[in-house]
Amino acid sequence: MNQNDRENLPIEGGDELTSRVCRTLLEMYMPPAILMTERRSLVETFGDVRQWLPPPDDHVGEDLCDRLAPIFRGPISASIRKAKRSGEAVRSAKVNCLTVVGHEPSGMAKQVSLLTRPVASNNGEMLFMVEFHSSDEQRIDSTLPQHSIPEYPRGDNEVSLEQDHGIGWEGKPTVPKLAPNSGGLQSSDNEKQLPGEESFVSNEQLRRVNEELTAVNKELLSDNAKQQRKIDELTELTNDMDNLLNSTDVDTIFLDRQLAIRKFTPGVAEKFHLMRQDIGRNLESFTSCLEDDDLMSELRHVLESETSFEREVNDRNGNVYLMRILPQFSQGSVEGVVLTLVDITGLKQAQTRLAELSEIVQQSADAIFRVDRHGLIRTWNDGAKKLYGRDESIIGAPLAELLPDSMHDDVGDIIGAMSVTAREQRLDTHTIIVDERKVHVAVSVSPVLNEKRQWVAASVVARDVTARVEAEIEIHESIERRDQFLAMLSHELRNPLGAIINAARLVQADGEMNLDEFGSGAIQDVDVSNSDVERQRKVAGSVIIRQSDQMSRLLDDLLDVSRITLGKIELQREVFDLRETIEEAVDAIGVQFSEAGVRFDFEQCDQQLYVDGDPVRLQQVVTNLLRNACKYTPRGGDVRLTVLCSRGEAVLRVRDTGVGIDHEMINSIFDMFVQVNSTLERSQGGIGLGLTLVEAVVTMHGGTIEAYSEGLGEGSEFRVSLPLTRKKPVVKTASPQENAIHRIAVVEDLPDAREMLAGVLRMKGYVVYEAGCGQSGLGLIQREVPDACLIDIGLPGLDGYEVARRLRRDPGTHELFLIALTGYGQESDRKAVRNAGFDQHLVKPLDLDELERVLCQQSV
């Protein structure tokens with residue numbers, strides 16, 4: 001039967017026969033053993049254990065060690081601890097012990113070793129099986145170590161003493177006893193009999209010696225018991241200290257003065273890679289996972305200075321420890337040092353997180369502070385100082401002090417609602433005055449709950465939303481301006497469109513009028529002559545041209561502002577004399593001043609003003625400024641244009657005596673869709689884009705524009721500054737020749753547009769060919785081969801791009817002058833036209849002057 005089989009044998013239970021058989025087998029094959037609990041209470045015995053375990057006395061407690069020989073107490077306690085910790089069987093060293101007969105020790109001794117095994121019970125409690133493995137019995141005087149015995153002088157008659165040497169039942173060296181008369185001290189049969197008196201004296205001396213030895217033996221037994229109790233107490237205290245050190249999270253190692261290892265806890269063993277057999281070795285011979293190269297010098301410093309040392313260290317896994325090195329005193333002197341390591345990784349992480357949160361709160365641009373249940377302010381961050389302009393002296397003041405008077409009652413309502421619902425509350429966005437500045441503030445109040453989910457305070461976050469509120473106001477105003485613009489645009493387009501429609505009807509009417517429409521009674525009052533009809537037709541033609549120009553300008557302004565806003569506009573730069581461009585603008589706008597009854601004065605600069613820019617765009621700037629001044633100046637008023645050179649810049653000043661500009665409007669006068677509301681006549685037109693376009697073009701030329709006015713009714717002045725250049729304009733040596741283009745093909749799918757354009761060109765003397773689609777236009781051009789071709793891009797069938805590509809591939813037409821007509825004027829559209837093979841790009845509605853200029857350039 002092996003050891004595992006013995007451990008699995010049932011100790012209790014089963015029927016009576018089985019129990020008797022099992023016990024008989026155990027006594028036959030199993031060594032003497034005791035099954036006990038961790039507290040050393042007896043559970044069961046096995047084998048002949050009576051020789052080590054006498055029957056209990058009345059004064060013996062539950063601790064089994066009280067019944068065993070004292071020599072077994074320490075090994076059994078140590079074996080139980082080791083077996084519990086390791087979970088394996090533990091064997092102790094051999095000891096010499098007297099066997100027991102009844103309650104008294106026998107005269108025989110054995111060498112005994114203990115084998116302690118951990119056993120798990122059915123209820124989960126840990127039990128321990130202690131087996132007694134012994135050698136054969138021998139006489140105590142022949143096997144046990146000899147202890148010194150007091151020497152006594154012998155007389156002529158030698159007294160025989162029975163000596164119990166070695167370790168007795170109480171675990172102490174025994175003292176010699178006088179043997180009884182039957183086998184102890186007696187006269188030998190072969191010795192001579194002493195005289196009676198001498199024999200009496202000798203016996204008396206021996207009796208006294210025996211009494212003295214008996215007293216000494218009792219004292220030794222008493223001292224031995226006391227010492228054993230102290231040993232047990234120290235053992236128990238040591239066990240408690242070991243359990244305390246091992247159960248705490250403080251890793252500890254004890255070192256002597258030579259820094260040799262005396263004792264350590266499992267945590268230190270892991271960090272320094274220690275084992276039990278390393279006790280006594282110097283700590284310097286071990287490597288640790290701590291990132292501390294000065295550890296040994298720090299330990300020596302504590303030994304020499306006899307002062308403690310403390311600091312934080314990290315290990316290679318990123319954990320943080322609080323390391324303390326303390327001197328260990330014994331009887332007033334330092335006998336070594338104690339090194340402790342406390343894992344503070346969690347604490348450091350919490351501190352780091354708390355510091356990060358605190359830093360976020362403290363450096364937040366928002367005002368973040370705490371109020372208690374009574375609504376009193378308890379904390380104050382930098383954002384709150386900046387927002388409210390108050391320092392930490394406000395701590396202790398009520399939250400209502402930060403709010404307008406009209407919102408003081410809201411604080412009580414919020415506190416009351418939060419105490420009931422413990423949910424976030426929001427205050428209406430309100431306005432406060434900080435440093436004479438209006439600040440719009442949005443406030444939210446969130447509950448702060450304790451571990452019982454009870455509301456104990458509130459966190460207040462106040463945010464400066466001035467930019468957002470102002471943006472919302474601006475958006476709202478922009479929407480209003482947009483709506484006004486759309487209404488204005490509709491008005492501006494409907495007016496000229498109505499005039500054009502009526503004028504067209506007059507032109508279309510016959511010279512003869514249907515007199516039946518007037519009735520018989522009114523015929524004599526009607527006097528219609530051919531001259532009147534002709535005059536009306538001329539007037540109608542002028543109306544159509546003037547109103548068409550007005551609509552074209554409106555559309556041009558819209559397109560130009562859209563291009564500038566999207567960054568799509570391009571300047572056709574060249575070096576030119578700005579004075580010539582200004583004079584052309586004055587000539588173009590002069591008629592408008594005459595018709596409006598406004599006096600116009602022009603003061604030109606007397607020196608050349610060379611500018612590197614787009615002459616067409618800068619002429620547009622001057623024209624818009626003059627037209628704007630004329631529109632806002634009442635009849636009989638004055639407009640003055642002054643051009644001068646100042647500090648390397650060309651300066652244009654347009655001054656009028658018109659309605660002026662309100663001070664609140666002066667900063668937004670260049671915004672889109674902004675118009676002075678005090679216009680004299682809405683018939684002057686305009687959609688509020690002229691000044692926006694002027695500012696954009698001036699800025700693109702590196703210049704500046706400013707508006708001045710003393711207020712409404714005081715007139716206004718616009719001042720434009722443009723940088724001059726040292727470059728000289730390119731002199732054109734070629735002179736215009738007679739127009740070499742006589743034959744023009746017009747390919748346009750819209751019949752009205754095609755017929756009107758062809759009619760205008762024929763009126764100017766050109767031979768015109770017409771086509772209504774791409775395929776027919778391609779055949780017409782290849783057949784007639786005209787001098788120039790006006791081709792619409794959006795043609796049915798073949799579009800204008802494909803017509804141009806096919807004409808360029810045809811050897812008979814690949815050199816024709818091709819002009820694209822389109823309603824799209826973005827740069828991408830111009831690029832697509834060039835890629836298809838066109839020479840020029842003109843935007844609808846077609847400007848006949850621009851067309852004439854393009855045709856003349858081709859003829860040069």
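FYI, the numbering just counts along the sequence from 1.
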Quiz item: Got a sec: does the NZ of Lys385 have more than 12 other heavy atoms crowding it under 6.0 Å?
Solution: yes

Quiz item: Taking NZ, NE, NH1 and NH2 as the nitrogens, is one of them in Asp372 or Arg378 under 4.0 Å from a carboxylate oxygen of the other?
Solution: yes

Exercise. Indicate yes or no for a side-chain donor-acceptor contact from Arg316 to the backbone of Ser288 under 3.5 Å, with no hydrogens or angles considered.
Key: yes

Quiz item: Step by step, would you call Phe718 with Leu625 a side chain to side chain contact (heavy atoms under 4.5 Å, CB included)?
Solution: CA-CA 8 Å; Phe718 290 86; Leu625 288 177; 4.1 Å; yes

Quiz item: Got Arg324 and Ser308 here, is their nearest side-chain heavy-atom distance under 4.5 Å?
Solution: no

Self-check item: Student check: side-chain heavy atoms of Thr379 and Ile395 closer than 4.5 Å
Solution: no

Quiz item: Are the side chain of Asp294 and the backbone of Glu298 linked by a donor-acceptor contact shorter than 3.5 Å?
Solution: no

Quiz item: With no hydrogens and no angle check, is any side-chain donor or acceptor of Thr623 less than 3.5 Å from a backbone partner on Ala585?
Solution: no

Quiz item: What distance separates Phe264 CZ from Asp278 CG, expressed to the nearest 0.5 Å?
Solution: 6.5 Å

Quiz item: Got a donor-acceptor contact below 3.5 angstrom from the Thr725 side chain to the Val611 backbone?
Solution: no

Quiz prompt | Main-chain N/O of Leu618 paired with His701 side-chain donor or acceptor, under 3.5 Å | solution = no

Exercise. Give a yes-or-no answer on whether the side chains of Thr340 and Asp251 include a donor-acceptor pair shorter than 3.5 Å.
Key: no

Self-check item: Asn381 to Asp366 - nearest heavy-atom pair and separation
Solution: ND2-O, 3.2 Å

Quiz prompt | Side chains of Leu722 and Thr704 in contact at under 4.5 Å (non-hydrogen atoms) | solution = no

Quiz item: Is it true that a side-chain atom of Asp656 and a backbone atom of Lys631 form a donor plus acceptor pair closer than 3.5 Å?
Solution: no

Quiz item: What closest approach, in Å, do Glu335 and Ser330 show between heavy atoms, and which atom pair accounts for it?
Solution: CG-CB, 3.2 Å

Quiz prompt | Whether Ser709 side chain and Gly715 backbone form a donor-acceptor pair below 3.5 Å | solution = yes

Quiz item: Got Arg370 and Val460 here, is their nearest side-chain heavy-atom distance under 4.5 Å?
Solution: no

Quiz item: Which pair of heavy atoms, one from Leu376 and one from Gly396, lies closest together, and at what distance?
Solution: CD2-O, 3.8 Å

Quiz item: Any chance CG of Asp293 has more than 12 other-residue heavy atoms, nucleotides or ligands included, within less than 6.0 Å?
Solution: no

Quiz item: Looking just at side-chain N and O atoms, do Thr429 and His440 make a donor-acceptor pair shorter than 3.5 Å?
Solution: no

Quiz item: Does Arg468 pair with Glu470 as a salt bridge, N-O distance under 4.0 Å?
Solution: no

Quiz prompt | Check against side-chain hydrogen bond (donor to acceptor under 3.5 Å, both in side chains), Gln328 and Arg257 | solution = CA-CA 9 Å; Gln328 184 177 5; Arg257 287 197 61 86; over 6 Å; no

Quiz item: Can a donor-acceptor pair be found between the side chains of Asn319 and Asp315 at a distance below 3.5 Å?
Solution: yes

Self-check item: Glu710 atom CD: more than 12 heavy-atom contacts under 6.0 Å
Solution: no

Quiz item: Is Trp380 close to Asp391 at the side-chain level, that is, under 4.5 Å between some pair of heavy atoms?
Solution: no

Quiz item: Does the pair Arg719/Glu706 count as a salt bridge with the N-to-O cut at 4.0 Å?
Solution: no

Practice problem: Starting from the C-alpha separation in whole Å, work towards a yes-or-no answer on side chain to side chain contact (heavy atoms under 4.5 Å, CB included) for Leu449 and Val456. | Solution: CA-CA 6 Å; Leu449 307 179; Val456 294; over 6 Å; no

Quiz prompt | Sole candidate of Asp292, Val313, Val342 that passes side chain to side chain contact (heavy atoms under 4.5 Å, CB included) when paired with Tyr321 | solution = Val313

Quiz prompt | Minimum heavy-atom distance between His430 and Pro404, given as atom pair plus value | solution = CD2-CD, 3.6 Å

Quiz item: Within the distance-only criterion (no hydrogens, no angle test), does the side chain of Arg640 pair as donor or acceptor with the backbone N or O of Arg655 below 3.5 angstrom?
Solution: no

Quiz prompt | Test item: Thr642 side-chain N/O and Glu603 main-chain N/O as donor-acceptor pair under 3.5 Å | solution = no

Self-check item: Partners meeting side chain to side chain donor-acceptor pair (under 3.5 Å) with Asp410 (sequence neighbours left out)
Solution: none

Self-check item: Chi angles and distances behind the side chain to side chain contact (heavy atoms under 4.5 Å, CB included) call for Leu427, Met407
Solution: CA-CA 9 Å; Leu427 288 170; Met407 299 183 67; 4.1 Å; yes

Quiz prompt | Asp662 atom CG: more than 12 heavy-atom contacts under 6.0 Å | solution = yes

Quiz item: Where is the tightest heavy-atom contact between Cys645 and Cys605, given as atom of each residue plus distance?
Solution: N-SG, 4.1 Å

Quiz item: Counting N and O atoms only, with roles assigned by atom type, does the side chain of Arg373 sit under 3.5 Å from a partner on the main chain of Trp455, one being a donor and the other an acceptor?
Solution: yes

Practice problem: For atom CD of Glu291, decide whether the heavy atoms of other residues, nucleotides or ligands shown that lie under 6.0 angstrom number more than 12. | Solution: yes

